[in-house]
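The structure appears right after this line, and notes come after that.
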Amino acid sequence: MRFSFFLGGLDEAEAVEAYRHLLDDLIRRTNPRVLVPLGNTALKRLTSYGGRGATITNVRGYVIPSDYGAWVLPTYHPSYIARGKSDLIGVLICDIKRAIDIARNGFATKPVRYIVYPTLDDALRFEMEYHAAGCPPLGFDIETPESAKLDEEEVEDKIEDVSYTILRVSFSFAQRHAITLTWSEPFIPVIKRLLATQEPKRAWNESFDVPRLTANACPVNGRIYDGMVLWHHLQPTLPKSLGFVSTFYGWDDEPWKHTSDSEPELYSCLYRDQKVILADGT
């Protein structure tokens with residue numbers, strides 16, 4: 001078992017450059033299987049995510065490939081937790097335990113089937129597959145012009161101010177399989193039929209999605225299980241963002257929140273798939 005911890009510090013730009021060769025040499029000599037950057041400075045040093053505006057809160061717990069041939073699993077710096085964030089101690093421990101497990105047993109991502117640019121035939125095929133599978137709980141999620149740029153707690157605070165204009169609706173009924181449909185013809189009838197079924201549905205922040213669908217003449221039938229509400233009851237002091245929660249329930253791909261602007265279709269499929277994985281994990 002081999003894994004290493006790298007702590008960020010003050011005067012980060014100068015410190016990173018001054019010790020760059022020492023760190024590279026240490027990694028080369030020790031050949032760790034997992035690198036655990038603690039805090040934002042170390043995150044920027046070992047991954048490209050810091051350069052894309054991500055923070056340790058966005059990417060902690062995710063498993064990221066690196067140029068060193070080792071996996072990178074970022075988590076919080078202990079000094080951050082010591083400054084009044086004691087509710088995150090369990091998160092830090094969980095991340096370290098996962099890093100140890102990967103160092104011992106290895107890590108591999110699973111194949112996915114995301115339909116990000118569907119034709120009408122793709123949408124109809126997905127609908128048929130859903131019925132052929134016996135109509136298992138159907139995960140759904142909507143995107144509005146603002147929602148992808150906000151996390152769930154920000155949406156909750158501004159829920160009445162966010163547009164009722166729907167851009168797309170995404171669905172998943174099985175892990176690693178999702179489709180995203182634009183709120184336009186010829187997809188609207190398919191969306192309405194899927195949501196009109198009487199079988200159970202899965203959502204994350206039902207109070208945001210359902211009123212907007214209803215306002216667009218698209219009622220959601222069947223019992224709705226809201227994963228965000230369930231998580232909040234389980235861990236009331238921790239963040240409710242799906243990007244934060246999914247790392248505890250088997251998500252094995254890279255951070256995805258940054259794709260909301262550059263790849264909104266992929267973002268929607270990733271978002272919807274994570275909800276299914278989380279629901280299955282709980």
Do the side chains of [X] and [Y] join up, straight or via other hydrophobic residues, at under 4.5 Å, putting them in one cluster?
X	Y	answer
Val169	Leu167	no
Val36	Tyr19	no
Val229	Phe140	no

Starting at [atom1] of [X], measure out to [atom2] of [Y] and round the result to the nearest 0.5 Å.
X	Y	atom1	atom2	value
His232	Leu238	NE2	CG	10.5 Å
Met228	His233	CE	NE2	10.5 Å
Leu213	Ile191	CG	CD1	8.5 Å
Asp141	Leu242	CG	CG	8.5 Å
Thr182	Tyr117	OG1	OH	12.0 Å
Thr55	Asn58	OG1	CG	3.5 Å

Could you tell me which non-hydrogen atom of [X] sits nearest to which non-hydrogen atom of [Y], and how far apart they are?
X	Y	result
Pro32	Leu35	CG-CD2, 3.4 Å
Leu26	Thr30	O-OG1, 2.7 Å
Tyr225	Pro200	CE1-CB, 3.8 Å
Pro118	Ile179	CB-CD1, 3.9 Å
Trp183	Ile166	CB-O, 3.4 Å
Tyr62	Ser246	OH-OG, 3.6 Å

Donor-acceptor under 3.5 Å ([X] side chain, [Y] main chain):
X	Y	answer
Asn105	Ile102	no
Asp226	Asn205	yes
Lys97	Leu92	no
Arg98	Gly61	yes
Trp71	Ala103	no
Ser163	Thr144	no
Asp67	Leu46	no
Asn216	Arg212	yes
Lys201	Asn221	yes
His77	Leu38	no

Angle between ring planes, [X] versus [Y], binned at 30° and 60°: parallel, tilted or perpendicular?
X	Y	answer
Tyr80	Tyr76	parallel
Phe248	Trp231	parallel
Phe126	Phe171	tilted

Taking the side chain as everything from C-beta on, heavy atoms only, tell me whether [X] gets closer than 4.5 Å to [Y].
X	Y	answer
Thr214	Val220	no
Pro136	Tyr130	yes
Tyr114	His177	no
Val72	Val34	no
Leu120	Val190	yes

Inset, instruction - Report the C-alpha separation of Gln235 and Val245 in whole Å, then their side-chain angles, then the decisive distance to 0.1 Å, and conclude whether the side-chain contact (heavy atoms from CB on, under 4.5 Å) test is met. - result: CA-CA 10 Å; Gln235 298 287 352; Val245 177; over 6 Å; no
Inset, instruction - List the steps and the verdict of side-chain contact (heavy atoms from CB on, under 4.5 Å) for Leu23 and Arg45. - result: CA-CA 10 Å; Leu23 178 57; Arg45 173 63 177 86; 3.7 Å; yes
Inset, instruction - Inspect the contact between Arg29 and Asp25 and indicate whether a charged nitrogen and a carboxylate oxygen are less than 4.0 angstrom apart. - result: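 Yes, charged N to carboxylate O under 4.0 Å.
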Inset, instruction - Please step through side-chain contact (heavy atoms from CB on, under 4.5 Å) for the pair Leu194 and Glu127, ending with a clear verdict. - result: CA-CA 7 Å; Leu194 284 168; Glu127 184 180 15; 4.0 Å; yes
Inset, instruction - Test side-chain contact (heavy atoms from CB on, under 4.5 Å) on Phe173 and Glu129 and set out the steps. - result: CA-CA 9 Å; Phe173 61 85; Glu129 289 175 352; 3.9 Å; yes
Legend entry - Donor on one side chain, acceptor on other, Lys44 and Ser48, under 3.5 Å: no
Legend entry - Side-chain H-bond candidate by donor/acceptor type, Arg60 with Thr247, under 3.5 Å: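 The criterion, which ignores hydrogens and geometry beyond distance, is satisfied for Thr247 and Arg60.
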Legend entry - Criterion side-chain hydrogen bond (donor to acceptor under 3.5 Å, both in side chains) on Asp24 and Tyr68, from CA distance to verdict: CA-CA 9 Å; Asp24 287 346; Tyr68 297 102; 2.6 Å; yes
Inset, instruction - Give the C-alpha distance, both sets of side-chain angles, the deciding distance and a yes or no for salt bridge (Lys or Arg N to Asp or Glu O under 4.0 Å) between Asp101 and Arg104. - result: CA-CA 5 Å; Asp101 178 70; Arg104 284 174 173 162; over 6 Å; no
